[in-house]
Amino acid sequence: MDPDSPEPSGSLKLPKLPDLKLPKIAVTREKALAAAGTAVFVVVVAFVGGAILFNYTADQQVAAFHSHVSASEADLSQISGKITAHMRTPTNDLSVAECDAHVREFAAIANYGRDVTAYHRRIVSADTVPEAYAGAQSAYVRALDNLNRAFTFWSSAAGAYAVQDYNAANRNIAEADAAWRDYAAAITDYDRELRAAEEGAEVPPRLDEVLLRDGDDDLEGFQ
Amino acid sequence: MEWKDVIPVIAGAVVILVVALVVKPALLGEPIGLVSHGSVPAGDPPVYVSSAPVPTPTPFVDDGEACTRNFRWTAIDGGVRTTQVTVPEALFLAHRGTPRFSDYNSWGRYALADTDRPILEDLARRIAPPTANPDEGYFRLMNLVFFVQQIPYDKDDNATSYTEGVLPRHAIYMKDGVEYPKYPVEMLVDGRGDCEDAAILMGGLLDALGYDTVLLRYSDHMALGIRMNEFNPYYAKYTPKYFTYGGKHYYYVEGTDFKWGNVSVGSTAIWGRPLAIGDTSGTGIPSVRSETPQIVPLRYVPEPGEYRIRSARLPAGGA
């Protein structure tokens, strides 16, 4: 009996491994080059495509960030115009009714500023930006937060004036001034972060950080 | 390689793209396709709502009942003058029915009350008539000061300080007495008042003539500060006292305590001596000589020191 041809009803017989033979593939030089070329082509296409897609997405993100900051700045510019006009109004010869109307206008500007900054803060903070722009985005959101706080204090000051609590009004104005200075500092940070993102440079340290570090050095010198 | 081998690869790629660009954004609520994930529904942009215009005050009719009081006073030239003041009774009663501000910081509103303004302007014109000679400006000012200084002093606690003979229902009862800052026309109708009433009336009259004044608040007294660039008259035997507020000099002016004295011992005739501008030593009030007063402007509006919005640079690469 041929061991390689077992009977159907007979016992199972394993083939002998040494007798297995791989089918012979006829590889020619042309076919090998074509396969390698195809593989390289696929890898290159995938890499280039991925890079293009990544850049496209990053550009889209920066464009969206630009658009949102631009819209925010346009609205803030309008508010700035209203504030400037309001602050230029002389108050040294107003009647009581005119003083009250002046403060109501102040309150209207404050409420509008508070709503506008909250609105743009929601939009800008939701932007997905490339990592390089994260610092700029964070600083801009912080600036809007501080401005929102300043406008809220303005609104509170106007409310205190309405009930003739002038001490409370003055306290709120002092708080608003402090928030406004924080806003200015945040805008400075934003400009620095944005420049660093666009130039691909290291973010220079903030002035207060430098001063703090210098102060530490001085302290160490005295120890 | 044949087409039948490529089709599954392409189908797989299409499935991955559909999942990445459509299914995942749809599940996470993100915008579908190759757009930024930053856009969020933020609602409608805020709209500016302007404040209401200045309401026109309702004038008090002159043809109704009126309160009249005559004043006899000595002007700066030594002449005795008489002045009659008429106030609509409805205005006087409206003031009497108005609750008072317990916070003295808002007492400047009494001096500038819109309803009292026409009466104060008329009175100021009669006491200190307009003149083309600028040298007479000082005399006009002093006549107003003298007029107020000669209105008899009476404390808020005394029923005699009120024309009705009883304390007003809105008098503020405090641990050390009663406080009732009067509107200018209330003091004119009552014909009496205390230090803050005189300072408020004088402030209203001087404001009607265009002078810039503030209230000077001491621990137990109130006077007026009048803005002057330089006040150092050759005749003054004292250094005129002023206080700086907002970079301006406000000279002390006493509203009460016209110096009265008998002409001679045993005589009932009296003479008076005014308290000059800037003279704090003549008042005889210790707090005026020792304290630095709190300055209360007649007009107050909240004025922020910081209000400039800085324009931020836009990111490059935008639309």
Side-chain angles (χ1 to χ4, degrees), chain A residues 56-57 59-67 69-70 73 75-77 79-80 83 87 91-92 94-99 101-108 112 115-116 119 122-123 126-129 133 136 140 154 157-158 161 164-167 169 173 176-177 180-181 184 187 190-191 194 198, chain B residues 1 9 30 34-57 101-115 117 207 210 212 296-319:
Chain A
Y56 175 77
T57 307
D59 286 349
Q60 285 288 98
Q61 289 172 343
V62 173
F65 181 49
H66 169 104
S67 153
V69 172
S70 172
E73 288 298 301
D75 281 352
L76 290 181
S77 171
I79 296 173
S80 179
I83 293 172
M87 297 303 292
T91 57
N92 54 354
L94 298 182
S95 69
V96 170
E98 288 166 339
C99 282
H102 186 75
V103 177
R104 280 199 299 275
E105 187 66 25
F106 180 70
Y112 180 55
D115 293 347
V116 163
Y119 173 80
R122 267 201 310 278
I123 295 174
D127 274 341
T128 302
V129 294
Y133 284 82
Y140 194 78
W154 279 18
Y161 171 91
Q164 273 77 52
D165 189 351
Y166 295 170
N167 282 329
I173 287 295
D177 284 352
W180 208 283
R181 285 190 287 275
I187 285 293
Y190 162 79
D191 283 340
L194 188 61
E198 289 170 353
Chain B
M1 187 177 286
V9 175
E30 295 171 352
L34 289 170
V35 293
S36 168
H37 292 185
S39 302
V40 292
D44 295 329
V47 178
Y48 180 69
V49 181
S50 183
S51 63
V54 182
T56 307
F101 304 125
S102 57
D103 180 5
Y104 56 82
N105 284 302
S106 46
W107 286 359
R109 290 177 74 91
Y110 296 128
L112 302 179
D114 294 328
T115 48
R117 189 72 173 190
D207 194 85
D212 180 8
V296 180
L298 296 193
R299 286 177 184 80
Y300 171 80
V301 290
E303 287 184 352
E306 307 278 347
Y307 57 85
R308 286 177 185 81
I309 289 181
R310 295 178 49 184
S311 66
R313 197 163 61 83
L314 298 180

- Task: Determine whether P46(B) and Y112(A) make a side-chain contact, defined as any pair of heavy atoms from C-beta on separated by less than 4.5 Å.
- Result: yes
- Message: Need one label for V49(B): side chain, backbone, both or neither, based on atoms under 4.5 Å from any heavy atom in chain A.
- Response: backbone
- Can you name the closest pair of heavy atoms from E306(B) and D177(A) and give their distance? N-OD1, 3.1 Å
- Message: If I take atom CZ from residue R109(B) and atom OH from residue Y166(A), how far apart are they, to the nearest 0.5 angstrom?
- Response: 4.5 Å
- Which bit of F101(B) is near chain A, if near means a heavy-atom gap under 4.5 Å: side chain, backbone, both or neither? side chain
- Note on the structure: Shortest non-hydrogen pair, R299(B) vs T91(A), comes out as CD-O, 3.3 Å
- Measure the spacing between CG of N105(B) and CG of N167(A) and express it to the nearest 0.5 Å. 4.5 Å
- Here the pair of heavy atoms bringing P302(B) nearest to V103(A) is CD-CG2, 3.5 Å
- Message: Can you tell me how far apart NE2 (H102(A)) and CD (E303(B)) are? Round to the nearest 0.5 Å.
- Response: 6.5 Å
- Task: Mind checking the CD1-CD1 spacing from I83(A) to I309(B)? Nearest 0.5 Å is all I need.
- Result: 4.0 Å
- Query: Heavy-atom distance under 4.5 Å to chain A: side chain of D44(B), backbone, both or neither?
  - Reply: backbone
- Query: Minimum heavy-atom separation for E105(A) to S50(B), with atom names?
  - Reply: OE1-OG, 3.6 Å
- Query: Can you tell me how far CG of L314(B) sits from CZ of F65(A), rounded to the nearest 0.5 angstrom?
  - Reply: 9.5 Å
- Message: Heavy-atom pairs under 4.5 Å with chain B: which of V69(A), L94(A), V129(A) has the most?
- Response: L94(A)
- Item | Minimal non-hydrogen separation, R313(B) against D191(A), with atom names | N-OD1, 3.6 Å
- Item | S77(A), part contacting chain B, at a heavy-atom distance under 4.5 Å | neither
- Message: Under a 3.5 Å distance rule, please check whether Q164(A) uses its side chain to pair with a backbone N or O of D103(B) as donor and acceptor.
- Response: no
- Item | Heavy-atom pair of closest approach, residues H66(A) and P315(B) | ND1-O, 2.6 Å
- Can you tell which part of A176(A) gets under 4.5 Å to a heavy atom of chain B, answering side chain, backbone, both or neither? neither
